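One structure is given below, encoded as structure tokens.
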2 protein chains.
Amino acid sequence: MDGQGRVRNITDLARLAGVSPGTVSRALADSHLIAKKTREKIQQLAREHDFRPNVMARNLRIKRAGAIGVLIPLGHETGQHISDPFFMTMLGHLADALTERGHDLLLSRVIPKDPDWLNRVVDSGRVDGVILIGQSDQIDVIEKVASRYLPLVAWGANLPGKNHCSVGSDNRKGGEIAAQHLIDRGCRNFAFFGDPVAPEIAERLEGCRAALSSSGLADNFSILPAHLTAETAHPAISKWLDDTQSIPNGIIAASDVIAMSALRALAEHGVKVPGQVHVVGYDDLPFANQTVPTLSTVKQDLAAGAAHLVDLLFRRIAGEETGSVVLEPELVVRQSS
Amino acid sequence: MDGQGRVRNITDLARLAGVSPGTVSRALADSHLIAKKTREKIQQLAREHDFRPNVMARNLRIKRAGAIGVLIPLGHETGQHISDPFFMTMLGHLADALTERGHDLLLSRVIPKDPDWLNRVVDSGRVDGVILIGQSDQIDVIEKVASRYLPLVAWGANLPGKNHCSVGSDNRKGGEIAAQHLIDRGCRNFAFFGDPVAPEIAERLEGCRAALSSSGLADNFSILPAHLTAETAHPAISKWLDDTQSIPNGIIAASDVIAMSALRALAEHGVKVPGQVHVVGYDDLPFANQTVPTLSTVKQDLAAGAAHLVDLLFRRIAGEETGSVVLEPELVVRQSS
DNA sequence: AATATTGCAACAAACGATTGCATAACACGG
DNA sequence: CCGTGTTATGCAATCGTTTGTTGCAATATT
């Protein structure tokens, strides 16, 4: 615009307006300590030169970062891409909620190599708080940091004996609902697809076990610890189908992504869903009713989850020692079961 | 840890070590101006108190932000969630590449209400550069900002007459390839699913048109301007199938997400793919070989794309006036065609 | 008319680092 | 014992804001 005399800071603008930097600062903050006339003059001038005060300097002075760290820990994943729509859905909700509260979102996928990864973020002074999307296999690290750093919340399991603040659905119950549904559908042999290294998954598995046990079907249950990505799940399941002697008639997948791979693998093996096998997923991601056949699944309300995460986080930033939140899972029956 | 005397800044640590703040700063930076012995003592002390210098203060002094803004403009989307795996895939690659270069990723979904959204980010002093994932319908805004702000790159179309730096596949050619493939498969009536408001889509559409024209099939072509989300695409397509008199035998979807919705809608209408209708998508997202039937599609190499985006961006941050990059699209034939 | 109140704006000290320059400490040869 | 050269540290300015305190007029009060 004005090539030469670009206004780079509040002092430049002050000079231009013939006032002191302090006055400019207050004027731009619309402080009533400054006469309305001066205020408007300065604001007008700022607009003309499209000047915007430097956020970093402001934050330094103000002692806040204006950003929330959103971390995706990939501890148990073997480092491949996560193209998992789950994350994007969650991320979308979080981004909206944070923006609404005037905070930026500092995204970081972290493959924890040393136990210091979380400390680094927390102590960097870059963020006012941290949201973890999933706990992965890093419970110990999380617990340790949480014990000294209040504004930390995690999406995931609410684990007995653990104190960090979490938001997640009742995974045990979710697993139970899924299994019970298959039992009701008349299934008698079951398989669980998913890696119980992640605590959420472990709880879902446990819920299944419980449901099967109380129907006396605990013995007809096998587990395939498949990774969560679309890339790795499919070959694993396919191979499993090749190897297994008798295909079960009820399959519970630890996530919709895995379920989708399963549907495809089953189709390839000429197995009819839901004719021969009933399949239930977990998450109710947007694509769950786009698959062929559409996927029955246990719905986690991610919108509500994200809202809770952000709400709890800001209460913690304000100093409150909040508890955790457990959401009710809900069975969504579609064609696959 | 040490409850009382928490070390909050470089000065505290200096006091503890019995040296001046400046010395601590240099010691932590491993400067050779400081005696090895002192250096190690200070580093040890820092470790003990797990002290990490405040990044924001550092950045202010050093005049860099240490973060790159990644923006997802949602101009033509009507504000719903984007659960599109495309973004997550891209985001994952970007996150990795940026972290590798020591930069954080400031994520922002922006629904442009005023033409100032991009200026705000650029002038905030919070980011060293900006990557746009998609141009949406904001070409004018982007062009304007790009003309004065060098470190700005966009994923999307390389538009004639436009000067901002972009990385994207040759959409026109991609569209051409897709259409030609269907022609080769013997299709004679065509439909395009996708909203040409976004320039990438417009170019793909144009490519299709070109291919059809040169085979004299331009007249047998209809367009359904469907939105890009899974949520909205399916009902639109379903309705279209209800209404249309004669279903075409070649369908080109502007994205894999749309293609997936199409596959499902077709299945519901009892239309055999690829028996009666051939379908081609665009993107080659991870789930493209998970659908039933697996999806033929025009592959965009997102990994390479992300690498280019980051590379160009950093060259621009260094002051170089780089050109744009156009990637070759590649047809991936699977079951749906 | 003298004093108290108010309204505006300037001054200067933070915030927590980095870094050029000045200086202190030390060793060494003459 | 002094000058000279290293090497290691301290000092103070700086980055661009915010904000408590202060100074000064103009107005209100008695």
Side-chain angles (χ1 to χ4, degrees), chain A residues 5-43 45-46 49-67 102 104 120 122-128, chain B residues 5-43 45-46 49-67 102 104 120 122-128:
Chain A
R6 184 132 178 60
V7 180
R8 349 191 112 279
N9 54 36
I10 222 169
T11 314
D12 288 355
L13 196 64
R15 196 165 15 232
L16 230 64
V19 297
S20 82
T23 303
V24 172
S25 171
R26 287 198 240 262
L28 294 178
D30 229 18
S31 156
H32 283 271
L33 286 173
I34 304 295
K36 193 161 182 189
K37 220 171 89 186
T38 332
R39 231 186 304 160
E40 282 172 351
K41 187 180 83 188
I42 293 177
Q43 291 173 356
L45 219 47
H49 293 263
D50 53 60
F51 168 77
R52 252 167 296 270
N54 182 302
V55 180
M56 281 196 329
R58 164 165 220 276
N59 287 344
L60 176 60
R61 176 63 229 254
I62 230 73
K63 272 171 163 279
R64 69 155 225 176
D104 287 325
R120 259 197 300 276
V122 157
D123 292 335
S124 70
R126 276 210 107 141
V127 295
D128 295 321
Chain B
R6 184 132 179 59
V7 180
R8 349 192 112 280
N9 54 35
I10 221 170
T11 315
D12 289 356
L13 195 64
R15 198 168 11 233
L16 230 63
V19 298
S20 81
T23 303
V24 171
S25 171
R26 287 194 244 261
L28 293 179
D30 229 18
S31 157
H32 282 275
L33 286 175
I34 304 296
K36 193 162 182 188
K37 222 172 83 187
T38 333
R39 230 186 305 158
E40 282 172 352
K41 189 180 83 188
I42 293 176
Q43 290 174 356
L45 219 49
H49 293 264
D50 53 59
F51 167 76
R52 251 168 296 271
N54 182 302
V55 180
M56 280 196 328
R58 164 166 219 276
N59 287 345
L60 176 59
R61 177 63 230 255
I62 232 71
K63 272 170 164 281
R64 69 154 224 175
D104 287 325
R120 260 196 301 275
V122 158
D123 291 335
S124 69
R126 251 181 152 357
V127 295
D128 295 321

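Keep in mind the model is a prediction, meaning the values are calculated, not measured. Here is how names work: the chains are called A, B, and so on, in the same order as the sequence lines, proteins then strands, and each is numbered from 1.
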**Message:** Under 4.0 Å, counting only non-hydrogen atoms across every strand here, what does A/I62 touch: a base, just sugar-phosphate, or nothing?
**Reply:** sugar-phosphate
**Complete:** Assert: residue with more 5' nearest nucleotide on DNA chain D, out of B/A57 and B/V19, is B/V19
**Message:** Tell me whether the count of non-hydrogen atoms from other residues, nucleotides or ligands lying under 6.0 Å of CZ in B/R8 goes above 12.
**Reply:** no
**Message:** Does a side-chain N or O of A/K63 approach OP1 or OP2 of C/dA14 to a distance below 4.0 Å, or not?
**Reply:** no
**Request:** Please state whether the phosphate of D/dT9, meaning OP1 or OP2, lies under 4.0 angstrom from any side-chain nitrogen or oxygen of B/T38.
**Result:** yes
**Item:** Distance below 4.0 Å between B/R61 side-chain N/O and D/dT14 OP1 or OP2
**Value:** no
**Prompt:** Does any N or O in the side chain of A/R39 come within less than 3.5 Å of the main-chain N or O of A/I34, such that one atom is a donor and the other an acceptor?
**Reply:** yes
**Side chain proximity check, A/L16 to A/H49, heavy atoms < 4.5 angstrom** = yes
**Fill in**
By nearest-heavy-atom nucleotide on DNA chain D, the more 5' of B/L60 and B/H32 is B/H32
**Request:** Please state whether the phosphate of D/dG10, meaning OP1 or OP2, lies under 4.0 angstrom from any side-chain nitrogen or oxygen of B/T23.
**Result:** yes
**Message:** Does a side-chain N or O of A/N9 approach OP1 or OP2 of D/dG16 to a distance below 4.0 Å, or not?
**Reply:** yes
**Item:** Base D/dG20 paired with A/R26 side chain (donor-acceptor, <3.5 Å)
**Value:** yes
**Request:** Taking the side chain as every heavy atom from C-beta outward, state whether A/D12 and A/F51 have any pair of such atoms under 4.5 Å apart.
**Result:** no
